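Read the structure below first, then the notes.
Per chain, numbering begins at 1; letters A, B, ... match sequence-line order. The analysis underlying the following values was restricted to heavy atoms, covering all of them including side chains, and did not include hydrogens, waters or symmetry mates. Note that the structure is predicted; figures quoted are calculated from it, not measured.
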Protein chains: 2
Amino acid sequence: MSAMILVVEDEPAIRELVVLNLQQAGHRPVVADSAEQALALIRETLPDMILLDWMLPGMSGVELARRLKADGRTRGVPIIMLTARGDEQDKITGLETGADDYITKPFSPREMNARIKAVLRRRAPQMAGDVVEVTGLRLDPATHRVTGNDRPIELGPTEFRLLHFLMAHPERVYSRAQLLDQVWGNHVFVEDRTVDVHIRRLRCALEATGHDGLVQTVRGSGYRLSVHPNS
Amino acid sequence: MSAMILVVEDEPAIRELVVLNLQQAGHRPVVADSAEQALALIRETLPDMILLDWMLPGMSGVELARRLKADGRTRGVPIIMLTARGDEQDKITGLETGADDYITKPFSPREMNARIKAVLRRRAPQMAGDVVEVTGLRLDPATHRVTGNDRPIELGPTEFRLLHFLMAHPERVYSRAQLLDQVWGNHVFVEDRTVDVHIRRLRCALEATGHDGLVQTVRGSGYRLSVHPNS
DNA sequence: GCCAATATGACAGTTTGATGACAAAAAATC
DNA sequence: GATTTTTTGTCATCAAACTGTCATATTGGC
């Protein structure tokens with residue numbers, strides 16, 4: 001539910017209101033008043049999503065979106081365009097350049113939040129804040145609780161995030177490096193093998209309700225959360 | 001559904017029309033003809049909702065909305081903006097984002113009532129003015145009283161707001177930053193750690209009636225009010 | 001059996017939250 | 001207007017939980 005969202009908007013009034021709204025929704029807004037500044041910020045840390053004003057002084061929002069989509073590092077970051085009016089042409093151009101959605105001003109906070117959540121759910125499910133459940137194992141990000149067959153399970157912060165990520169992307173194998181990027185953050189320097197240890201701790205905690213079998217090892221590749229028996 | 005609704009509108013004709021409508025719908029309208037007067041009224045008693053003309057002499061409606069949203073005490077009060085359709089598009093653009101909804105003039109009574117009802121239905125629970133109760137712990141916003149198993153509990157202002165917010169949003173985890181935004185108001189500059197201290201004071205006060213267990217720590221995430229045992 | 005990959009247990013450093021004390025600020029009282 | 005009293009934010013310190021790494025055991029593939 002808590003995503004780092006970059007807001008690129010040159011008009012201070014609108015920018016502040018958007019920021020306020022994002023905070024209220026539990027996100028962490030970061031602001032830039034120009035495409036250039038946005039690029040600088042993105043170079044430092046990759047946001048989870050970008051809210052991008054269509055019209056910007058200097059490099060336009062469209063141009064910025066195009067650049068981001070051209071760069072492999074930033075291609076995956078969802079972009080929502082803020083456009084002045086529901087101009088069909090803008091819409092087409094915007095979606096062509098790779099925007100994931102667009103919002104036409106004036107917009108209600110409710111609409112904005114709904115669209116943000118929808119895009120997050122599509123691109124980064126573990127950020128959407130939805131309850132995830134797999135065969136009796138249930139994780140609720142909002143209350144930060146995990147239960148197995150309705151019995152509470154205690155997890156440390158890292159194990160919680162790890163399980164959350166795996167449950168949000170079931171049936172798919174992730175390498176240790178990928179897990180480090182997704183769960184730890186893509187800037188930290190930790191040993192690959194550390195993942196093993198946390199996987200073990202997670203399995204340990206899940207053992208109490210017999211859900212430890214869900215976390216499977218894929219030899220030579222990484223780990224996976226799957227409902228299907230392993231071998 | 002009877003709510004106290006503050007109408008901020010400088011033009012007498014429209015004001016009266018709106019007031020009449022509200023009365024007919026069973027609400028209790030209170031009027032102000034300027035943002036300044038509105039602030040004065042709000043200082044006395046918190047309305048359940050605000051209908052706000054965006055064009056006002058002196059402080060504009062937009063500015064008022066921003067102030068209200070910046071103050072922890074008033075930020076939960078739903079705001080519906082009244083905007084004139086004929087006004088310059090670009091001025092209106094995005095300005096309503098501080099509001100929960102907006103109505104463009106001229107509007108039908110039917111539309112107004114529908115929107116009011118919708119907003120009231122989903123308004124922030126702690127602003128409803130309703131008594132909140134959790135397992136014998138009871139907080140009455142109207143009388144500003146807290147009791148545990150019918151025994152009075154003394155709380156400082158901050159602890160009261162903190163408890164109120166938590167009780168209005170039970171089971172959900174809030175980070176220190178979120179609590180500072182929601183309870184203190186997001187303009188203040190206070191240390192994150194200060195939240196810890198107030199949580200402790202709150203627990204201290206609740207200890208007398210054995211309700212201190214409700215306020216739970218979620219390591220690495222924040223705090224939560226929950227009826228479920230922690231460990 | 002041999003090799004490589006993974007599991008496991010232990011450990012020390014680090015982070016995080018709880019707690020008590022304190023002074024500034026605000027409110028209430030005289 | 002001065003003086004208590006209450007409230008508030010910050011800090012230093014302590015205990016507990018968590019984390020990353022390593023050494024060693026175990027497993028699976030050939």
For [X] and [N], what is the distance between atoms [atom1] and [atom2] respectively, to the nearest whole Å?
| X | N | atom1 | atom2 | answer |
| --- | --- | --- | --- | --- |
| A:Asp196 | D:dA25 | CG | P | 18 Å |
| A:Leu162 | D:dT19 | CG | P | 11 Å |
| A:Asp212 | C:dA7 | CG | P | 12 Å |
| A:Ile199 | C:dT8 | CD1 | C1' | 14 Å |
| B:Gln216 | C:dG17 | CD | P | 15 Å |
| A:Glu154 | D:dC18 | CD | C1' | 14 Å |
| A:Leu202 | D:dT19 | CG | P | 12 Å |
| B:Leu180 | D:dT8 | CG | P | 14 Å |

Starting the side chain at C-beta, find the nucleotide from [options] nearest to [X].
| X | options | result |
| --- | --- | --- |
| B:Arg200 | C:dT19, D:dC11, D:dG20 | C:dT19 |
| A:Arg176 | D:dG9, C:dG9, C:dT6 | C:dT6 |
| A:Glu191 | D:dT21, D:dT10, D:dT19 | D:dT21 |
| B:Glu159 | C:dT8, C:dT19, D:dT8 | D:dT8 |
| A:Arg219 | C:dA18, C:dG9, C:dT6 | C:dT6 |

In terms of heavy-atom contacts, does CZ of A:Arg67 have more than 12 from other residues, nucleotides or ligands at under 6.0 Å?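 No.
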May I ask you to check whether over 12 heavy atoms, not counting those of A:Arg122, lie within 6.0 Å of atom CZ?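 Enclosed.
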Report which part of the nucleic acid [X] touches: base, sugar-phosphate, or nothing (heavy-atom distance under 4.0 Å, all strands).
| X | result |
| --- | --- |
| B:Arg193 | base |
| A:Thr217 | sugar-phosphate |
| B:Thr158 | sugar-phosphate |
| B:Tyr223 | sugar-phosphate |
| A:Arg201 | base |

For B:Val190 and A:Leu155, take the nucleotide of DNA chain D holding the closest heavy atom to each; which residue's nucleotide lies nearer the 5' end?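 Result: B:Val190.
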Closest-nucleotide ordering on DNA chain C, the 5'-leading residue of A:Arg203 and B:Ser221: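 Looking at the nearest nucleotide for each, A:Arg203 comes out on the 5' side.
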Output the distance between atom OG (A:Ser34) and atom CD (A:Glu9), rounded to the nearest 0.5 Å.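 Answer rounded to 0.5 Å: 12.0 Å.
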Donor on one side chain, acceptor on other, A:Thr158 and A:His198, under 3.5 Å: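 Side chains of A:Thr158 and A:His198: no pair found under 3.5 Å.
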Closer than 4.0 Å, any side-chain N/O of A:Trp184 to the OP1 or OP2 of D:dG20?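 True: A:Trp184 side-chain N/O within range (under 4.0 Å) of D:dG20 OP1/OP2.
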Can you name the closest pair of heavy atoms from A:Ile5 and A:Ile116 and give their distance?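 Shortest heavy-atom separation between A:Ile5 and A:Ile116 comes out as CD1-CG2, 4.1 Å.
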For a quick test of reading the model, state the closest non-hydrogen atom pair linking B:Met49 to B:Ile80 and the distance between them.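 For B:Met49 versus B:Ile80, the nearest heavy atoms are SD-CD1, 4.0 Å.
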